[in-house]
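Step one of this worksheet: look at the structure below.
Every value quoted in this text rests on a predicted model; they were computed, and no experiment measured them. Below, chains carry the letters A, B, ... as their sequence lines are ordered, and counting in each starts from 1.
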Number of protein chains: 2
Amino acid sequence: MHDTFGLVAEPAAAKADPRGAVALAGVALDHRHANSYLARPGDRMKHIFLLIDGWAARYRLLSDGRRQITALFLPGDLCDLAWRDGGKAVQHVIAITAIRALRIELGTFERQIECDPGARTIVDHEAHLLAEAQCEWLVSLGRRSAVERLAHLFCELVERIGAVNAGGVGRCEMPLTQIDMADITGLTPVHVNRTLQQMRRSGLIELKSRQLKLRDFARIKKIAFFRSSADNPPLKNNLPEALKVFQTISGLAAVQTQGRLAHA
Amino acid sequence: MHDTFGLVAEPAAAKADPRGAVALAGVALDHRHANSYLARPGDRMKHIFLLIDGWAARYRLLSDGRRQITALFLPGDLCDLAWRDGGKAVQHVIAITAIRALRIELGTFERQIECDPGARTIVDHEAHLLAEAQCEWLVSLGRRSAVERLAHLFCELVERIGAVNAGGVGRCEMPLTQIDMADITGLTPVHVNRTLQQMRRSGLIELKSRQLKLRDFARIKKIAFFRSSADNPPLKNNLPEALKVFQTISGLAAVQTQGRLAHA
DNA sequence: CGCACACTTGAAGTGCCTCAATAAGTGTGG
DNA sequence: CCACACTTATTGAGGCACTTCAAGTGTGCG
């Protein structure tokens, strides 16, 4: 199932670059393989990404090898707003899956924010969502048990993907390996493994071949002390709106976004 | 030792309110006692604070009593930028010490950002500093040991206060109780106590009667895997600049800021 | 088919927690 | 200035959640 978002300003003016991407006015469609770096510490970033398909992660690496993932970027997220300040990457950002993204020059991006109040609102809101999510991660790492941390992570993912159906069952793609989950939740891969098994045994989740299913969303939320967007400002970003804003200035052909499991 | 920052636009126009505060154009000087709430979850916030003196903390409280502090606000910090989005507080914010702050109406604040590029820069930068600090907290909670967590917290505080002298010795006020430190570092108060003793025994720190001294900043930095602002964009905010911006629009008399131990 | 990587399982260790009690500060009112 | 209440800091003993180390067992892919 596919949806089409965004209107095309000047599709005819769009120019294909050698790698098959389209570039105009500082905005282009970009493709990346899984495990490719979007940024490394010290890199001077000249652009910012609006993720369309695929997942990415930002992480800190200590000199002795310890890794902590500090943010997950999902479709609709801006990656990485931290690059705006000084244009220098401080952390690693890696593609977890293959990725399609709008690559927006920082200059173009700033100009758009300056001129278009709608863009400004979206960006401010995005930044706020990230900050809120990070606070919840702090709570997980500081005060939640292993089961609670994983439960909370899964709740967050399913809500951000927008994949909780009316029956209270949530599903989503789960491209994260157990090592990734460990580096998000501050646990060891071994303990993540045992905790997942415990969660499966107790009928909380199903997880195999990169597919996650939350069997009773309400129950998992309670276990995780999860603040649902039902009672709060929504956790979810707004990909269609963001695409509209930045496609309009790019003259880019309308981008097809993959249908989400949300609709299944 | 006292410094005076900021110029006065219209001191004569400033009007004293019943509590001794001065109000004009949506900006006023505000005083709060230690342990008073600056916000509670659900509160509709009509203003934002620019901290001048004193410390504040933002925290999440789980329904079973577990507490995690998610941010510390020090002099020069804006408290709390999260209130901009929707004007609703999601977390508790409490004064750790007595506080003096510029209370800025949200409307005035937004208008200023809109008109004054300098204000916009300061605010964006402040938000960025907070995000960076939060990432480091994530690393602490997820991947650092108890000693490393406390060492990192102390490094951060001393740098933010701006109190590392040329000799490599850092000092600062330490109004946090061991309970507070526990709720920042995700430990129990008992374990914080034992860890602090260990750090004292090994000659890393001195800490008594609310005064912290880092005896060898370079060594503590290494232990904490601390990213110093020497190699990175500075951790420190810019109180004088911020005061100038917001005092200018307020017609408020120049505010005296307490001399910091940095100068001692 | 075989290599690489993710996942799984077991056994043993430890860093931090829990419970519990005492001591030392700190502020308050008489 | 002391007596009282309350919070903060300290210390001890025992337990558990999570880690570490070390083998395996799938499983996808060229």
Side-chain angles (χ1 to χ4, degrees), chain A residues 33-35 55 57 62 64-69 94-98 140-153 173-202 205-212 223, chain B residues 33-36 55 57 62 64-69 94-98 140-151 153 173-202 205-212 223:
Chain A
H33 293 301
N35 299 318
W55 294 22
L62 300 188
D64 65 352
R66 281 178 275 180
R67 185 175 83 140
Q68 176 67 44
I69 293 179
I94 197 173
I96 289 179
T97 67
S140 278
L141 294 172
R143 292 303 184 207
R144 283 192 257 250
S145 69
V147 173
E148 290 165 357
R149 290 182 205 189
L150 285 168
H152 192 279
L153 173 63
E173 291 280 333
M174 176 45 76
L176 302 174
T177 67
Q178 293 182 0
I179 294 175
D180 295 328
M181 296 183 215
D183 287 336
I184 291 169
T185 56
L187 302 167
T188 56
V190 171
H191 197 61
V192 166
N193 182 288
R194 292 195 235 264
T195 306
L196 286 176
Q197 288 178 53
Q198 180 190 332
M199 292 172 81
R200 278 192 273 247
R201 259 183 275 120
S202 61
I205 63 168
E206 289 171 26
L207 174 57
K208 63 178 172 195
S209 53
R210 313 273 98 130
Q211 284 287 327
L212 173 68
I223 288 172
Chain B
H33 292 301
N35 300 317
S36 65
W55 293 22
L62 300 187
D64 66 353
R66 282 178 274 181
R67 185 175 81 138
Q68 176 66 44
I69 294 180
I94 197 172
I96 289 179
T97 67
S140 278
L141 293 172
R143 293 304 184 205
R144 281 191 258 251
S145 69
V147 173
E148 291 165 357
R149 290 182 206 189
L150 286 168
L153 173 63
E173 292 280 333
M174 175 46 76
L176 302 174
T177 67
Q178 293 182 0
I179 295 174
D180 295 328
M181 297 183 214
D183 287 336
I184 291 170
T185 57
L187 302 166
T188 55
V190 172
H191 197 62
V192 166
N193 182 289
R194 292 195 234 263
T195 305
L196 286 176
Q197 289 177 51
Q198 180 190 332
M199 293 172 80
R200 278 191 274 248
R201 260 184 276 118
S202 60
I205 64 168
E206 289 171 27
L207 174 57
K208 64 178 173 195
S209 56
R210 310 276 101 132
Q211 283 287 327
L212 171 68
I223 289 172

According to side chain to side chain donor-acceptor pair (under 3.5 Å), who are the partners of B/Arg210, at least two apart in sequence or on a separate chain?
none

Note: for A/Gln178 and A/Arg143 on DNA chain C, the residue whose nearest nucleotide lies more 5' is A/Gln178

Counting only side-chain N and O atoms of B/Asn193, is one of them less than 4.0 Å from OP1 or OP2 of D/dA9?
no

Boundaries of the chain B footprint along DNA chain C (any atom under 4.0 Å from a heavy atom)
C/dC16 to C/dC19

Within this structure, what is the CD-to-P distance between B/Gln198 and D/dA9, rounded to whole angstrom?
18 Å

Identify whether any heavy atom of A/Arg210 sits under 4.0 Å from a base atom; if not, whether one sits that close to sugar-phosphate; answer base, sugar-phosphate or nothing.
sugar-phosphate

Can you sort out which residues in residues 183-190 of chain A have a heavy atom within less than 4.0 Å of DNA chain D? Ascending by number, please.
A/Gly186, A/Leu187, A/Thr188, A/Val190

To the side chain of B/Arg194, which of D/dT10, D/dG12, D/dC18 is closest?
D/dG12

So, the side chain of B/Asn193 versus the backbone of B/Val190: is there a donor-acceptor pair under 3.5 Å, distance only?
no

Which part of the nucleic acid, if any, lies within contact of B/Ser209, taking any heavy atom under 4.0 Å across all strands shown: a base, the sugar-phosphate backbone alone, or nothing?
nothing

What residues form a side chain to side chain donor-acceptor pair (under 3.5 Å) with A/Arg143, not counting sequence neighbours?
B/Asp183

How long is the line joining CD1 of B/Ile179 and P of D/dT10, in whole Å?
12 Å

B/Leu207 atom CG is separated from D/dT8 atom P, nearest whole Å, by 15 Å

Using heavy atoms to find the nearest nucleotide of DNA chain D for A/Thr195 and B/Thr177 separately, return the residue whose nucleotide is more 5′.
B/Thr177

Got a donor-acceptor contact below 3.5 angstrom from the A/Arg149 side chain to the A/Ser140 backbone?
yes

Give a yes or no answer on whether the side chain of B/Gln68 reaches the backbone of B/Ile184 with a donor-acceptor pair at less than 3.5 Å.
yes

Classify the nucleic acid contact of B/Arg200 as base, sugar-phosphate or nothing, counting any heavy atom under 4.0 Å across all strands shown.
sugar-phosphate

Would B/Thr185 and B/Glu148 count as a side-chain contact (heavy atoms from CB on, under 4.5 Å) if you check the C-alpha gap in whole Å, the side-chain angles of each, and the deciding distance to 0.1 Å?
CA-CA 10 Å; B/Thr185 57; B/Glu148 291 165 357; over 6 Å; no

Whole Å only: how far is the CD atom of A/Gln197 from the C1' atom of D/dC18?
15 Å

Checking B/Pro175 now: which residues fulfil side-chain contact (heavy atoms from CB on, under 4.5 Å) with it, not counting sequence neighbours?
B/Trp55, B/Ile96, B/Thr97, B/Glu173

Would you mind reading off the distance between A/Glu148 atom CD and D/dC18 atom P, rounded to a whole angstrom?
9 Å

Mind checking side-chain contact (heavy atoms from CB on, under 4.5 Å) for B/Thr195 and listing every partner two or more places apart, or none if nothing turns up?
B/Ala146, B/Val147, B/Leu150, B/His191, B/Met199

